[in-house]
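Report on the following structure.
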Amino acid sequence: MSVHHVAAVGAMVALAGLDFAGALLARRWAHGGSVVWFAAGALCFVALFWVYGSSLRYADLMVVTFGWVAALQVGLLFVGRAGAAKPLPVHSWLAAGAIIVLEGVLIASSASA
């Protein structure tokens with residue numbers, strides 16, 4: 001695996017983490033109205049924009065976006081079930097896997113066209 005591939009994968013994971021953190025900060029600001037939460041959220045999304053733009057040096061726009069969305073989906077499944085008493089049903093994991101596979105098919109078909 002080349003340095004470019006490692007950088008692109010790292011960027012995808014970072015994008016998912018920044019997106020998730022920014023969303024949590026935005027929700028916190030919406031409920032509390034504190035300027036601190038707003039500033040932290042804005043900084044998070046500025047960092048997201050910088051990482052996204054920088055990652056396009058190493059990978060194609062579709063590939064980076066797909067990896068970002070897929071990592072975010074899987075991360076949200078894990079975080080959403082972290083405090084729950086019951087594990088996520090198998091059909092939910094299968095549905096998430098199907099969505100990721102279908103996103104991959106869309107990217108592969110558009111790349112070959």
Side-chain angles (χ1 to χ4, degrees):
M1 189 178 260
S2 74
V3 174
H4 291 296
H5 289 105
V6 172
V9 170
M12 292 172 202
V13 172
L15 286 167
L18 287 167
D19 194 356
F20 182 71
L24 289 178
L25 290 167
R27 185 178 74 176
R28 185 74 186 238
W29 171 75
H31 290 293
S34 171
V35 155
V36 173
W37 296 120
F38 179 83
L43 184 63
C44 197
F45 283 111
V46 166
L48 182 140
F49 183 81
W50 181 81
V51 170
Y52 192 42
S54 298
S55 69
L56 298 179
R57 293 181 196 150
Y58 306 109
D60 187 44
L61 178 70
M62 284 191 301
V63 174
V64 171
T65 305
F66 167 70
W68 170 11
V69 171
L72 184 61
Q73 288 172 338
V74 171
L76 288 173
L77 283 174
F78 279 116
V79 170
R81 299 311 301 174
K86 293 173 62 177
L88 198 63
V90 173
H91 69 276
S92 296
W93 285 108
L94 292 174
I99 290 169
I100 292 170
V101 167
L102 290 172
E103 287 174 348
V105 169
L106 285 172
I107 288 175
S109 66
S110 67
S112 65

[X] side chain near [Y] side chain, heavy-atom distance below 4.5 Å:
{"X": "Phe66", "Y": "Ile100", "result": "yes"}
{"X": "Val63", "Y": "Asp60", "result": "yes"}
{"X": "Leu48", "Y": "Trp68", "result": "yes"}
{"X": "Asp19", "Y": "Leu15", "result": "no"}

Checklist entry - Counting only heavy atoms not in Phe38, do more than 12 sit closer than 6.0 Å to its CZ atom? => result no
Checklist entry - Rounded to the nearest 0.5 Å, how far apart are CG of Leu76 and CZ of Phe20? => result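 The CZ atom of Phe20 is 6.0 Å from CG of Leu76, to the nearest 0.5 Å.
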Checklist entry - Measuring from Phe49:CZ to Leu18:CG, what's the distance to the nearest 0.5 Å? => result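 With rounding to 0.5 Å, CZ (Phe49) is 13.5 Å from CG (Leu18).
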Restricting to non-hydrogen atoms, name the atom on [X] and the atom on [Y] that form the minimum distance, rounded to 0.1 Å.
{"X": "Ala16", "Y": "Ala71", "answer": "CB-CB, 3.7 Å"}
{"X": "Leu77", "Y": "Ala96", "answer": "CD1-CB, 3.4 Å"}
{"X": "Cys44", "Y": "Leu25", "answer": "CB-CD1, 4.3 Å"}

Checklist entry - Do the side chains of Val64 and Val46 join up, straight or via other hydrophobic residues, at under 4.5 Å, putting them in one cluster? => result no
Item to check | In one Ile/Leu/Val/Met/Phe/Trp/Tyr side-chain cluster, 4.5 Å: Val51, Leu61 | outcome: yes
Next on the checklist: For residues 30-54, which residue pairs pass the side chain to side chain donor-acceptor pair (under 3.5 Å) check, not counting sequence neighbours?
Outcome noted: Tyr52-Thr65
